[in-house]
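Written below as C-alpha cells is the structure these notes are about.
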Protein chains: 2
Amino acid sequence: MISIVAKFRVHEGQEEKFLKLVNELSEASQKEKGCIEYMLFKDVKKALDYCIIEKWQDQAAVDEHNNTKHFTNIVPQLTEIAEAEIDIYQPV
Amino acid sequence: MISIVAKFRVHEGQEEKFLKLVNELSEASQKEKGCIEYMLFKDVKKALDYCIIEKWQDQAAVDEHNNTKHFTNIVPQLTEIAEAEIDIYQPV
C-alpha cells in the first residue's frame, strides 16, 4: 500500500475554485481500481490549509493515477492557486 | 471524524527507539474506543521521516486519547528524539 499526504495552502480568494477542482479530482480518483482512499480534509486551526489523504494499492496504481486525464488536467490548476507539499509514504 | 497527521523527522541514531515507542503507542491507541485508524508510515524518499495518520470518531475521542497514560508517557519521549509537526483536520 502507498499513502500520499498532499497538503495545500490555498491563496487568498481561491478557496471556492480549489474546492471545486478537488471535488472533481476526488470523485474521479475514487473510481480508480487501485484507489483505497481519497479524502479531502480542512485544517481545524489554519483557515486556508487543506490536506488530501490518499491510499493506493501499490506503486503501479499511483503511476496509473498520475497519468489519468483528471490528474494531468486538474493538478496543474491546483498548484497555480495553492502552495502544495506532497509526501509519499509506505506502512511500517 | 477528526484526522490527525503527525509528521516526525527522527534524530540520527534514534530510529530504533522511535519505532519501539511508536509501536507501543500505536498498539494502545488502536484499542481505544474512539480510534478509527492509527497507522505509522515511513517516507519513501526522506530516510528519517515518518508520519502517523490517525482518525478519531470526534473531538471527545481525541481529548480522551490525549489524556491516556500511553499518550502522556510516550509522546514527550518522542518529541525528545524527533522534530514533530502535528496538523489536525476535519473532513470537507
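Residue numbers start from 1 in every chain, and the chains themselves are labelled A, B, ... in the order their sequence lines are given, proteins ahead of strands. Quick caveat, the model's predicted, so the values are computed rather than measured. Side-chain atoms are counted along with the backbone in the values below, which use heavy atoms only and exclude waters and symmetry mates.
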Between [X] and [Y], is there shared hydrophobic-cluster membership here, with clusters defined by ILVMFWY side-chain heavy atoms closer than 4.5 Å?
X: A/V62; Y: A/I52; value: yes
X: A/L40; Y: A/V10; value: yes
X: A/L19; Y: A/I74; value: yes
X: A/I4; Y: B/V92; value: yes
X: B/I88; Y: B/Y50; value: yes

Q: May I ask you to test the A/D49-B/D87 pair for a side-chain heavy-atom distance under 4.5 Å?
A: no

Q: Enter the distance from A/E85:CD to B/E85:CD here, rounded to the nearest 0.5 Å.
A: 6.0 Å

Q.
So, taking the atom named NZ in B/K55 and the one named CE in A/M39, what distance separates them when rounded to the nearest 0.5 Å?
A. 6.5 Å

Q) Closest heavy-atom contact between A/S3 and B/F41? A) CB-CE2, 3.6 Å

Q.
On a heavy-atom basis, which atom in B/V44 and which in A/Q90 lie closest, and how many Å separate them?
A. CG1-CG, 3.7 Å

Q) For chain A, which of B/K45, B/M1, B/K7 has the most heavy-atom pairs under 4.5 Å? A) B/K7

Q. What part of B/V5 is in contact with chain A, defined as an atom under 4.5 angstrom from a non-hydrogen atom: side chain, backbone, both or neither?
A. side chain

**Q.** B/K46 atom NZ: more than 12 heavy-atom contacts under 6.0 Å
**A.** yes

